[in-house]
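Structure first, commentary second.
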Amino acid sequence: MHLLLIGSGGREHAMAWKLAQSEKVTRVSVAPGNPGMQLEDKVECLSIDPTDIEALAQFAVSESVHLTIVGPEAPLVAGVVDVFTDKGLRIFGPRQQAAQLEGSKAFAKDFMARHQIPTAAYATFNTVEPAIAFIEEQGAPIVIKADGLAAGKGVVVAQTTEEACDAVKSMLDGQFGDASANVVIEQFLAGEEASFIAVVSGRSCIPLASSQDHKARDEGDKGPNTGGMGAYSPAPVVTDSVHAHVVTDILQPTIDALADDGMPFTGFLYVGLMIDNEGQARVVEYNVRLGDPETQPLMMRMESDLLDLLDHAVNGTLTEADVQWHDGSSIGVVLAAGEYPAGSSKDKPITGIAEADSLGCKVFHAGTKLNGDQLVTAGGRVLCVTAVAGSLKEAKQLAESGAECIQWEGCRYRSDIGYKAIDR
Ligand code: AMP
Ligand code: GLY
């Protein structure tokens, strides 16, 4: 079977690597992919722009692609699934309407309020003065969010009302263009975060193993927010009882409400949770795709066939699917460019990946490119060094030995990924 995967990051490298392991798969074509994927058995990169939906559909038709899988949110929010489905092409992901759960925070908050799904109290504004009056009334800490997609940069957790007011002014002043024409102002939630991701098909779902990422750039969860500096699975904060509570009170009500509202969901549904000391979970955000970097350790732990699972979801037979996980733990440590998440240095030659692989790590590429034969950085999150072992501590040691082998000018990574879970 020939598969088409849309995307080019570390998440998509891990998905391509995992899909290619299926005995049923003969070829995984990735649009546009990255140099790391090109080295994988059965994987090829295509020079098709991931936002050129017509070109992607044309490829799927001409190559008789068995299933198309969408990595990032942008093509989903742009309606790639609607176009493919209308053409009779098999694709795994939600339609445009349901993708608004990630595409618009105001949409997601209104949806949760309407369906009594636990989340932070909020209000939405499109002008500065009432927003500021609301902040003064609520006090700090308080959270300001751009409504639309802002590449993970549209959230400010403000410790003071001044900081909150400044964030509102810059956002409504066009900091993220149309994406910040509206802002959501939200109650601050205390607790520990976890990523709860499920494969969904209408009213059926199969939760994947729990995971947790580290969004702050620096050790001790300090410094600016990033797309994620590392992740691990499982997340011990998701105990059996938290898991049951999340499925009963959040996941199942969400997918039932989507179906009731006339926008049944097929795809990966990522629920970002804040779990308080009593084990009560509330939704911080929905994403309509797998997490990055959560996917890298998740794919390392998944023992069953990923394609089988996705095929069952698309065929409406998800209740017959089965997912198996390695009993131990997995971890992914992100190696980022020096200035990340601010400016992004490029073209620095990278060494040591083969040495990391030979230790038993798996190195997934994200921001890499080839200058001739030389692998160099392309900025942002460059690599994710991933390992699986009997315990999180062992997996962490292995991934860190791998990370130590890899070098380029300005390479940075956190050496405390997973500390909360290890301390528990
Ligand atoms: P989001 O893009 O909505 O996931 O927000 C990015 C990050 O901001 C989250 O992962 C949290 O760490 C933090 N955050 C968002 N909303 C809240 C909230 N209501 N209370 C506390 N922290 C939050
Ligand atoms: N790691 C967080 C995300 O993928 O949104």
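Counting starts at 1 for both ligands and their atoms, following the listed order.
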Would you mind running through ligand 1 and noting each atom that sits below 4.0 Å from a heavy atom of Phe188?
20 (N), 21 (C)

Go through the steps to decide whether Lys420 and Asp221 satisfy the test salt bridge (charged side-chain N to carboxylate O under 4.0 Å, His left out), and finish with yes or no.
CA-CA 10 Å; Lys420 281 188 211 144; Asp221 291 320; 3.6 Å; yes

Strictly below 4.0 Å, N to O, side chains only: are Arg282 and Asp249 in salt-bridge contact?
no

Counting each atom of ligand 2 from 1 as listed, which ones have a heavy atom of Tyr270 under 4.0 Å away?
2 (C), 3 (C)

Heteroatom distance test (Glu294, ligand 2): nitrogen or oxygen, under 3.5 angstrom
yes

Do His214 and Tyr232 have side chains that approach each other closer than 4.5 Å (heavy atoms only, starting at C-beta)?
yes

Among non-hydrogen protein atoms, atom 22 (N) of ligand 1 lies closest to Met274 CE, 3.9 Å

Sub-4.0 Å atoms of ligand 1 with respect to non-hydrogen atoms of Lys105:
1 (P), 2 (O), 3 (O)

Are Glu219 and Arg414 within salt-bridge range, i.e. N to O under 4.0 Å?
no

Closest approach of any protein heavy atom to atom 13 (C) of ligand 1, naming residue and atom:
Val157 CG2, 3.8 Å

Please work out which of the three classes, parallel, tilted or perpendicular, describes the rings of Phe107 and Phe111, given edges at 30° and 60°.
parallel

I need the atoms of ligand 1 closer than 4.0 Å to a non-hydrogen atom of Lys215, numbered in the order shown.
10 (O)

Atom 20 (N) of ligand 1: which protein heavy atom is closest, and how many Å away?
Leu189 N, 2.8 Å

Between Tyr286 and Tyr270 (judged by ring centroids, cut-off 6.0 Å), do the two rings come close enough to count as a pair?
no

For atom 7 (C) of ligand 1, what is the nearest protein heavy atom, given as residue, atom name and distance?
Asn225 ND2, 3.8 Å

How far is atom 1 (N) of ligand 2 from its nearest protein heavy atom, and which residue and atom is that?
Asp213 OD2, 2.6 Å

Is there a donor in the side chain of Lys109 and an acceptor in the side chain of Thr119, or the other way round, less than 3.5 Å apart?
yes

With heavy atoms under 4.0 Å as the rule, classify the contact between Val143 and ligand 1 as side chain, backbone, both or neither.
side chain

Taking atom 4 (O) of ligand 1 as the reference point, the nearest protein heavy atom with its distance:
Glu285 CD, 2.8 Å

Which ligand 2 atoms are under 4.0 Å away from a heavy-atom of Gly227?
1 (N), 2 (C)

Tell me the contacting part of Val155 for ligand 1: side chain, backbone, both, or neither, using a 4.0 Å heavy-atom threshold, strictly below.
side chain

Worked verdict on Lys362 versus Glu40 for salt bridge (charged side-chain N to carboxylate O under 4.0 Å, His left out):
CA-CA 12 Å; Lys362 175 68 194 169; Glu40 303 293 349; 2.7 Å; yes

Do the ring planes of Phe125 and Phe134 sit parallel (below 30°), tilted (30 to 60°) or perpendicular (above 60°)?
tilted

Please verify the inter-ring angle class for Phe196 with His243; under 30° counts as parallel, over 60° as perpendicular, anything in between as tilted.
tilted

Please answer whether the main-chain N or O of Gly191 pairs with a side-chain N or O of Asp276 as donor and acceptor at a distance below 3.5 Å.
no

Shortest protein contact, atom 19 (N) of ligand 1 (heavy atom only)
Glu186 OE1, 2.7 Å

Numbered atoms and elements of ligand 2 in range of Gly291, under 4.0 angstrom, heavy atoms:
4 (O)

Atom 10 (O) of ligand 1: closest protein heavy atom, distance to 0.1 Å, is Glu193 OE1, 2.6 Å

Start with the C-alpha gap between Arg424 and Glu192, add the side-chain angles, then the distance that decides, and say whether salt bridge (charged side-chain N to carboxylate O under 4.0 Å, His left out) holds.
CA-CA 12 Å; Arg424 242 166 206 269; Glu192 186 170 344; 3.0 Å; yes

Pick from Asp292, Val334, Asn287: the one approaching atom 4 (O) of ligand 2 most closely through a non-hydrogen atom
Asp292

Heavy-atom pairs closer than 4.0 Å: do any link ligand 1 to the side chain of Lys145, the backbone, both, or neither?
side chain

So is Arg289 in contact with ligand 2, going by heavy-atom distances below 4.0 Å?
yes

